[in-house]
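The shown structure was predicted, so the numbers you read here are calculated from the model rather than taken from an experiment. Chain identifiers are assigned alphabetically (A, B, ...) following the order of the sequence lines, protein sequences preceding nucleic acid strands; residue numbering begins at 1 within each chain.
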2 protein chains.
Amino acid sequence: MASYPTSRPTIYDVAAEAGVSKSLVSLVLNDSDMVSAPKRDAVLAAIERLGYRPSRAATALAAARTRTMGVLIDDYRNPWFVDLLSGIREVVEPAGYLLTVAERRTSSADEALEGFLGSRVDALVVAGELASNHADLGIPTVVVGGRDHDVSGADHIASDEAAGVRLVLGHLSELGHLRIGHVTGRGGSARRRLAAYVDGMADLGDSPRIAGGDQETNEEGGYAGTIQLLDAYPEVTAVFAANDTMALGARAALKEAGRRVPDHASLVGYDDSLLARARFLDLTTVDSRNDEVGLATGRALLRRLAEPSIAPLSVVIAPRLVVRSSTARISAQLA
Amino acid sequence: MASYPTSRPTIYDVAAEAGVSKSLVSLVLNDSDMVSAPKRDAVLAAIERLGYRPSRAATALAAARTRTMGVLIDDYRNPWFVDLLSGIREVVEPAGYLLTVAERRTSSADEALEGFLGSRVDALVVAGELASNHADLGIPTVVVGGRDHDVSGADHIASDEAAGVRLVLGHLSELGHLRIGHVTGRGGSARRRLAAYVDGMADLGDSPRIAGGDQETNEEGGYAGTIQLLDAYPEVTAVFAANDTMALGARAALKEAGRRVPDHASLVGYDDSLLARARFLDLTTVDSRNDEVGLATGRALLRRLAEPSIAPLSVVIAPRLVVRSSTARISAQLA
DNA sequence: GACTCTACTTGGAGCGCTCCAAGTAGAGCT
DNA sequence: AGCTCTACTTGGAGCGCTCCAAGTAGAGTC
């Protein structure tokens with residue numbers, strides 16, 4: 001059956017086929033404008049005929065440049081990175097860069113990072129949390145999201161989570177809610193949202209009502225945390241979960257407690273995930289504008305590639321409140 | 001600020017540092033057993049001191065082997081591939097292979113595939129759909145999932161979707177449901193599940209009730225498809241959606257139609273996603289055992305790498321029904 | 001006709017590794 | 001002491017490209 005070719009055509013084969021030198025082929029490949037039209041056509045035709053495909057390894061080795069950027073995410077199952085990725089791609093692809101993604105979760109320690117450094121990617125995006133702090137990684141690096149894991153010398157792009165939380169609290173208080181509980185969980189973004197919630201409650205002149213600090217930031221944790229919350233603070237009229245997935249769990253807990261959303265309790269998530277958009281949940285949430293974060297990330301990448309020695313840049317993107325039917329004006333008997 | 005090193009240490013630097021030849025360093029890197037303990041230690045120490053990291057490009061070029069396998073998925077937002085990936089990794093990582101993932105969705109045409117071929121991955125996994133059929137790709141290839149897009153000479157591993165659908169129909173009919181509707185959508189797996197549903201209904205001696213063929217396979221499509229279904233076949237007592245996400249939409253449509261799940265209608269999804277496990281949905285569904293599919297894929301990959309010329313292999317993995325609270329015995333007044 | 005340009009084109013060196021044939025040095029034997 | 005082994009070590013060639021200095025040829029100039 002299939003037996004695989006022992007040797008693919010190289011630039012020399014193309015050169016011979018087209019009757020030119022290998023250097024000329026190289027020029028065509030990098031589409032230089034120093035090549036005459038007829039020769040260019042001859043080379044392209046030869047490439048076509050031979051099914052030639054440049055060896056990325058050879059190119060990278062010779063050029064000392066991979067034209068590839070690595071994006072390190074922490075978990076494929078948490079798809080917030082998808083919009084980020086599109087945003088980055090939109091900026092860097094026209095500049096001739098390819099993106100490769102690696103997940104931190106499955107790799108022990110920071111071996112995904114090691115992998116990128118070994119592949120000599122030209123630049124790195126760290127999206128999500130890193131196992132440990134790192135000194136300068138030796139290549140242009142942009143950290144997206146929290147600053148928990150500083151990479152020295154790296155640019156930093158993030159959605160303004162404190163602002164997002166303020167939008168949530170503002171929305172709820174406008175609807176008449178004051179006794180707003182928060183279900184938090186593990187991890188950097190939960191931590192940031194929690195801190196902003198605490199500040200925001202102080203601004204509203206009320207004390208914070210928090211549960212779930214010992215929970216995973218997932219559906220299960222949202223469920224358990226909400227049960228804790230309702231148990232400790234039965235007076236809450238609104239629940240703000242650290243993210244949409246936790247809100248999904250919260251919704252189940254509220255239902256079990258006999259509190260209908262939104263009549264007996266308002267519920268807010270964070271992330272504007274597909275989940276939040278689903279009719280069955282129809283969750284009020286915060287859109288982090290990860291596409292915008294991605295665009296800013298892409299620009300930062302190109303900027304630092306062009307000018308490696310400028311001072312680290314920090315960009316904050318304003319989030320957007322997305323109001324759906326899981327929040328409503330507090331009902332008279334609850335107020 | 002940060003200015004990036006002009007040249008990373010090479011194998012020669014390590015050799016000089018350790019007082020050995022570059023070849024010896026290479027042997028240590030590939031941990032050959034032809035190296036004496038003291039020299040090995042000296043080399044390892046030198047590597048440590050210099051922060052040396054082998055250049056993947058140089059290694060790939062010299063060895064004509066990348067020790068990397070490409071996995072082509074179609075959409076990061078549909079995380080069914082995550083378990084598959086773990087399964088594959090579990091098998092191929094011990095054999096010294098790295099995995100890289102690329103998404104087909106954002107790349108125009110099959111440029112992700114082109115990317116892999118250009119990077120000279122040692123083997124390829126095509127998970128999900130390919131834009132077009134391909135002749136032998138020139139490297140060991142395993143197709144995971146449907147056979148819609150045959151790659152000639154490739155091995156084929158799939159979850160037995162027909163069996164999964166039979167499990168669903170068997171479960172529902174055991175609960176007394178006969179008028180089972182199906183909400184389908186676009187794409188290969190929806191098509192396969194639909195075909196199995198049609199066959200299964202024939203076996204049950206009832207005619208199929210189908211809607212949603214014109215819908216995307218997402219929440220929105222599930223919602224719209226279910227509305228169509230209830231409109232065309234108001235007599236259905238159970239709805240089987242092409243996947244969990246569509247079932248989420250279906251759930252909303254059922255609710256709007258005043259049919260409580262599971263009392264007034266049973267609902268079944270497919271994929272056993274995180275969504276199905278969420279308490280708020282608690283959806284009966286089918287687990288495709290994608291981890292098992294991944295293990296089989298990994299084994300097929302290694303087998304074909306070792307023995308390129310054997311006849312294509314085809315493996316089918318038995319799925320598993322996961323019963324949750326979205327299905328129940330048909331109530332007396334509906335039966 | 002000799003000379004200068006301009007517009008391409010080319011060979012060579014080298015990127016950082018692997019792999020192989022060819023060393024080298026003890027140890028064991030006679 | 002000389003020889004054979006075994007157990008390591010080593011230099012060299014080459015992987016498929018890029019990049020640069022150095023060609024070459026035809027057109028334009030005087």
Side-chain angles (χ1 to χ4, degrees), chain A residues 5-44 46-47 50-68 96 98 117-122 138, chain B residues 5-44 46-47 50-68 96 98 117-122 138:
Chain A
T6 35
S7 62
R8 298 172 155 287
T10 75
I11 205 177
Y12 283 93
D13 300 317
V14 174
E17 176 78 15
V20 300
S21 73
K22 60 152 201 1
S23 301
L24 207 265
V25 176
S26 174
L27 289 175
V28 171
L29 288 175
N30 294 289
D31 53 21
S32 151
D33 51 357
M34 295 297 262
V35 180
S36 65
K39 300 248 172 181
R40 154 169 281 116
D41 293 345
V43 169
L44 291 176
I47 287 175
L50 266 41
Y52 167 80
R53 213 187 309 269
S55 153
R56 206 108 92 194
T59 306
L61 184 57
R65 195 161 35 65
T66 53
R67 289 211 164 284
T68 296
L98 255 41
L117 296 177
S119 323
R120 304 283 193 271
V121 292
D122 292 343
Chain B
T6 36
S7 62
R8 300 173 154 286
T10 75
I11 204 176
Y12 283 92
D13 300 317
V14 174
E17 176 78 15
V20 300
S21 73
K22 58 146 201 11
S23 301
L24 208 264
V25 176
S26 174
L27 289 175
V28 171
L29 289 175
N30 294 290
D31 52 22
S32 150
D33 50 358
M34 295 297 261
V35 180
S36 65
K39 299 249 172 180
R40 154 169 281 116
D41 293 346
V43 170
L44 292 176
I47 287 175
L50 265 41
Y52 167 79
R53 214 187 309 271
S55 153
R56 206 108 92 192
T59 306
L61 184 57
R65 194 161 35 65
T66 54
R67 289 210 162 285
T68 297
L98 255 40
L117 296 177
S119 331
R120 306 283 193 270
V121 292
D122 291 344

Checklist entry - Closest approach of A:V14 and A:A46, non-hydrogen atoms and distance? => result O-CB, 3.8 Å

Next on the checklist: Rounded to whole Å, please give me the gap between CG in B:N30 and P in C:dC17.
Outcome noted: 11 Å

Next on the checklist: Return the CG to OG distance between A:L24 and A:S32, rounded to the nearest 0.5 Å.
Outcome noted: 9.0 Å

Next on the checklist: Between P on D:dC17 and CZ on A:R8, what's the gap in Å once rounded to a whole number?
Outcome noted: 11 Å

Checklist entry - What closest approach, in Å, do A:V28 and A:R40 show between heavy atoms, and which atom pair accounts for it? => result CG2-CA, 4.1 Å

Item to check | CZ on A:R65 to OG1 on A:T59, rounded to 0.5 Å | outcome: 10.0 Å

Checklist entry - Reckon B:A64 touches a base, only the sugar-phosphate, or nothing at all at heavy-atom distances under 4.0 Å? => result nothing

Next on the checklist: Without decimals, in angstroms, what is the distance between A:L61 CG and D:dC17 C1'?
Outcome noted: 8 Å

Next on the checklist: Students often get this wrong, so: under 4.0 angstrom with heavy atoms, is B:R56 touching a base, only sugar-phosphate, or nothing?
Outcome noted: nothing

Item to check | Pairwise side chain to side chain donor-acceptor pair (under 3.5 Å) hits with a residue in residues 16-25 of chain A, at least two apart | outcome: A:E17-A:R49

Item to check | Between P of D:dT18 and OH of A:Y12, the distance in whole Å | outcome: 11 Å

Item to check | Between B:R120 and B:T66: side-chain donor-acceptor atoms closer than 3.5 Å | outcome: no

Next on the checklist: With each end axis built from five pairs of C1' atoms, what bend angle do you get for the helix from C:dG1-D:dC30 to C:dT30-D:dA1? Round to 10°.
Outcome noted: 60°

Checklist entry - What heavy-atom pair brings B:T10 and B:D13 nearest, and what distance separates the two atoms? => result N-OD2, 2.7 Å

Checklist entry - Does OP1 or OP2 of C:dC17 have a side-chain N or O of B:Y52 closer than 4.0 Å? => result yes

Item to check | Where protein sits on nucleotides 4-11 of chain C, one letter per nucleotide: B base, S sugar-phosphate only, - none, heavy atoms under 4.0 Å | outcome: ----BBBB

Checklist entry - Looking at B:Y52 and B:I11, what are the two nearest heavy atoms and their distance? => result CE1-N, 3.7 Å

Checklist entry - Taking only N and O in the side chain of B:R67, is any of them less than 4.0 Å away from OP1 or OP2 of C:dC17? => result no

Checklist entry - Roughly, in whole Å, what's the span from CG in A:L29 to P in D:dT18? => result 6 Å

Checklist outcome for this item: Rounded to whole Å, the CG-C1' distance (A:D13 to D:dC15) equals 13 Å

Next on the checklist: Go through it in stages, so that I can follow the logic: the residues are A:D122 and A:T68, the test is side-chain contact (heavy atoms from CB on, under 4.5 Å), and I'd like the CA-CA distance, side-chain angles, deciding distance and then a yes or no.
Outcome noted: CA-CA 6 Å; A:D122 292 343; A:T68 296; 5.9 Å; no

